[in-house]
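Position 1 is the first residue of the sequence; numbering continues from there. Both backbone and side-chain heavy atoms feed into the values below; hydrogens, waters and symmetry mates do not.
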Amino acid sequence: MVRLKKIFMPLMVVYLLWWGVALIVNKPILPLPHCALTYFIKILPTQLWHHILISLYRVASAIGIALFFGMPVGLLIGRNKEIDQVISPIIYIIHPIPKIAFLPVMMLLFGLGNATKILMIAMIIFFIIVITGRDAGKNIDKQVYYSLIAMGANEWQIYRHVIIPASLPALFTMLRITIGTAIAVLFFTETFGTSQGIGYFIINAWARINYEEMFAGIIGLSLIGLMLYVIVDLLERQICKWKRV
């Protein structure tokens, strides 16, 4: 009951703010919230669900790929000072570059399908994951390493029993941050060379001046983010049982 209340109250705040702004604007481009919600419920079973699933697949795959490659690199350079001195300057040079500018190059290399969109999202959030993993590794008390080494632990055992568990809270915080970035990049990539995905759906509705449909797509986009946040929270509760989430 308390958990439902925590969800209901923020939704009511968003609903009332939307309703108030829509009344002030008083133009078709910003429909009243109940109109957009009604349209969302109407088209969800027939056409919108397909676009939501396609977009969810793309963004989840990209986060998975970036996490698979980025977290080990981050933990490695956080643990090893010599490697950190070599790789961190490279990251500092590449990370500020707006990598979305490489979208045309990615399209030429990998085509207009899912691969380009997934790799584009993964490439952008990869650096966020690496930096977070590096900082998490650096923040671990070095005395813990010395104690394990004194007991004969090898490098893998240090990672398994100290570095990875100690970095998990930072990992889940980083995942919540990357979800917003990943969805923003997803929307941009789905406005080019595709006929599937929630980004395409929104832009297509906008081009046809169907604002209720456009906002139904925006609700679908927020639903993708909500599903990913819920998944991350559930995983954190199951994996980080020592932490009150």
Quiz item: Where is the tightest heavy-atom contact between A36 and A216, given as atom of each residue plus distance?
Solution: O-CB, 4.2 Å
Exercise. Quick one: do N114 and Y57 satisfy side-chain contact (heavy atoms from CB on, under 4.5 Å)? Show the steps, please.
Key: CA-CA 9 Å; N114 285 331; Y57 163 73; 3.8 Å; yes
Practice problem: State the CG-CG distance between L67 and L171, to the nearest 0.5 angstrom. | Solution: 5.5 Å
Quiz item: How long is the span from the OG1 atom in T38 to the CD1 atom in I43, to the nearest 0.5 Å?
Solution: 11.5 Å
Practice problem: Carefully, step by step, assess I131 and M174 under the rule side-chain contact (heavy atoms from CB on, under 4.5 Å). | Solution: CA-CA 10 Å; I131 293 170; M174 172 268 302; over 6 Å; no
Self-check item: Under 3.5 Å: donor-acceptor pair, side chain of S61, backbone of R58
Solution: no
Quiz item: With distance as the sole test, does T116 use its side chain to make a donor-acceptor pair with the main-chain N or O of G113 at under 3.5 Å?
Solution: no
Practice problem: For this output row, return yes or no: ring centroids of F215 and W18 closer than 6.0 angstrom. | Solution: yes
Practice problem: Please name the residue in the list I179, L234, I224 that meets the side chain to side chain contact (heavy atoms under 4.5 Å, CB included) test with Y229. | Solution: I179
Exercise. Can you see which heavy atom on L175 is nearest to which on I63, and at what distance?
Key: CD2-CG2, 3.8 Å
Practice problem: Start with the C-alpha gap between I183 and F187, add the side-chain angles, then the distance that decides, and say whether side-chain contact (heavy atoms from CB on, under 4.5 Å) holds. | Solution: CA-CA 6 Å; I183 291 177; F187 175 79; 5.7 Å; no
Quiz item: Does T132 reach the side chain of T173, with side-chain heavy atoms less than 4.5 Å apart?
Solution: no
Quiz item: Are the side chain of T189 and the backbone of L186 linked by a donor-acceptor contact shorter than 3.5 Å?
Solution: yes
Practice problem: Might you confirm whether atom CZ of F68 has over 12 heavy atoms from other residues, nucleotides or ligands at distances under 6.0 Å? | Solution: no
Quiz item: W19, I218: one ILVMFWY side-chain cluster at the under-4.5 Å cut-off?
Solution: no
Self-check item: Separation of M106 CE from K117 NZ (nearest 0.5 Å)
Solution: 11.0 Å
Exercise. List the steps, then state whether side-chain hydrogen bond (donor to acceptor under 3.5 Å, both in side chains) holds for H50 with Q196.
Key: CA-CA 8 Å; H50 177 70; Q196 295 179 321; 3.1 Å; yes
Quiz item: With distance as the sole test, does E190 use its side chain to make a donor-acceptor pair with the main-chain N or O of I198 at under 3.5 Å?
Solution: yes
Quiz item: So, do R134 and L75 sit near enough that their side-chain heavy atoms are less than 4.5 Å apart?
Solution: no
Quiz prompt | same_hphob_cluster(L23, Y15) at 4.5 Å side-chain heavy-atom cutoff | solution = no
Practice problem: Specify the closest pair of heavy atoms between A115 and F110, including all atoms of both residues, with the distance to one decimal. | Solution: CB-CB, 4.4 Å
Quiz item: Mind checking whether L226 and V59 sit in one hydrophobic cluster, side chains of I, L, V, M, F, W, Y counted as touching below 4.5 Å?
Solution: yes
Quiz item: Salt bridge or not for R176 and E236, using N-O below 4.0 Å?
Solution: yes
Practice problem: Looking only at non-hydrogen atoms, find the nearest pair between G197 and H51 and report the distance. | Solution: N-ND1, 3.1 Å
Quiz item: Do the non-hydrogen side-chain atoms of L223 and F40 ever get within less than 4.5 Å of each other?
Solution: yes
Practice problem: Answer yes or no: is there a donor N or O on one side and an acceptor on the other, between the side chain of T191 and the main chain of F188, under 3.5 Å? | Solution: yes
Quiz item: For the atom pair CG (L37) and CD (E212), what is the distance rounded to the nearest 0.5 Å?
Solution: 10.5 Å
Exercise. Scan N210, I219, L44, L48 and name whichever one has a side chain to side chain contact (heavy atoms under 4.5 Å, CB included) with Y39.
Key: N210
Exercise. Apply the test side-chain contact (heavy atoms from CB on, under 4.5 Å) to residues F69 and I129: give CA-CA distance (whole Å), side-chain angles for both, the deciding distance (0.1 Å), then the verdict.
Key: CA-CA 9 Å; F69 290 101; I129 294 172; over 6 Å; no
Quiz item: Does I54 share a hydrophobic cluster with I203, counting links as ILVMFWY side-chain heavy atoms below 4.5 Å and allowing steps through other members?
Solution: no
Self-check item: From CD1 (I65) to CD1 (I118), nearest 0.5 Å
Solution: 6.0 Å
Quiz prompt | same_hphob_cluster(W206, Y200) at 4.5 Å side-chain heavy-atom cutoff | solution = no
Quiz item: OG/S55 to CD1/I202 distance, rounded to the nearest 0.5 angstrom?
Solution: 8.5 Å
Practice problem: State, to 0.1 Å, how close S88 and I77 come at their nearest heavy-atom pair, and which atoms those are. | Solution: OG-CD1, 4.3 Å
Quiz prompt | Over all atoms of both residues, closest heavy-atom pair of G220 and I52 | solution = CA-CD1, 3.9 Å
